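All values below were derived from every heavy atom in this structure, side-chain atoms included, with hydrogens, water molecules and symmetry-related copies excluded. None of these values were measured; they are calculated from a predicted model.
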Amino acid sequence: MMTFQELQIGDYFRIPGITAEWVYRKASSSCCSLNALLQPIRSATIVIPLTSTEITHYFVTKQEFLKSLKQ
């Protein structure tokens, strides 16, 4: 685990205690995005950075969900 401040802009992460399906992305030094919506976040917030495998799984799952909406 690390703090939000330690992440690089563009990194994907989760917040401990929040549902695992919610994946955030660091948008700036004080904001993150969740489903393209910007949200303020404290720099000292503890976060769990996602590995490349977890990021790939997130996008595959999201793409499958969007495809299911077309049917």
Asks: Considering all heavy atoms of both residues, which atom of Pro49 and which atom of Leu7 are nearest to each other, and what is their separation?
Replies: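 Here Pro49 and Leu7 meet closest at CB-CD2, 4.2 Å.
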
Asks: Over all heavy atoms of both residues, which pair between Ile9 and Ala27 is shortest? Give the atoms and the distance, please.
Replies: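 That would be CG2-O, 3.7 Å.
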
Asks: Under a 4.5 Å cut-off applied to non-hydrogen side-chain atoms, are Thr45 and Thr3 in contact?
Replies: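 Side-chain contact under 4.5 Å: no.
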
Asks: Would you indicate whether the side-chain heavy atoms of Gln8 and Asp11 approach each other to under 4.5 Å?
Replies: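 In contact.
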
Asks: Report the residue from Ile41, Ile48, Ile46 that forms a side chain to side chain contact (heavy atoms under 4.5 Å, CB included) with Phe13.
Replies: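 Exactly one pass, corresponding to Ile41.
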
Asks: Testing the basics here: between Cys32 and Tyr24, what is the closest heavy-atom pair and its distance to 0.1 Å?
Replies: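 The pair with the smallest heavy-atom distance is SG-CD2, 3.7 Å.
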
Asks: Looking at side-chain heavy atoms only, is the closest gap between Val60 and Glu64 below 4.5 Å?
Replies: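 Yes, close enough: below the 4.5 Å cut-off.
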
Asks: Using a 4.5 Å cut-off on heavy atoms from C-beta on, say whether the side chain of Leu69 contacts that of Phe65.
Replies: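 Phe65 reaches Leu69 side chain to side chain.
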
Asks: Checking Lys26 side chain against Tyr12 main chain: does a donor-acceptor pair fall under 3.5 Å?
Replies: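 No, the answer is negative, given that no donor and acceptor are paired below the 3.5 Å cut-off.
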
Asks: Could you walk me through whether Gln5 and Val47 pass the side-chain contact (heavy atoms from CB on, under 4.5 Å) test, one step at a time?
Replies: CA-CA 10 Å; Gln5 180 180 8; Val47 299; over 6 Å; no

Asks: May I ask you to check whether over 12 heavy atoms, not counting those of Glu6, lie within 6.0 Å of atom CD?
Replies: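 Yes, enclosed.
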
Asks: Report whether Leu50 and Met2 are members of the same hydrophobic cluster (ILVMFWY, side-chain heavy atoms less than 4.5 Å apart, transitive linking).
Replies: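 No; Met2 is not reachable from Leu50 via cluster members.
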
Asks: Would you check if the side chain of Glu54 reaches a backbone N or O of Thr51 as a donor-acceptor pair within less than 3.5 Å?
Replies: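 Indeed, once roles are kept as given, a pair shorter than 3.5 Å links the two residues.
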
Asks: What's the shortest heavy-atom distance between Trp22 and Arg14, and which atoms?
Replies: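 Smallest heavy-atom distance, with atoms named: O-CG, 3.8 Å.
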
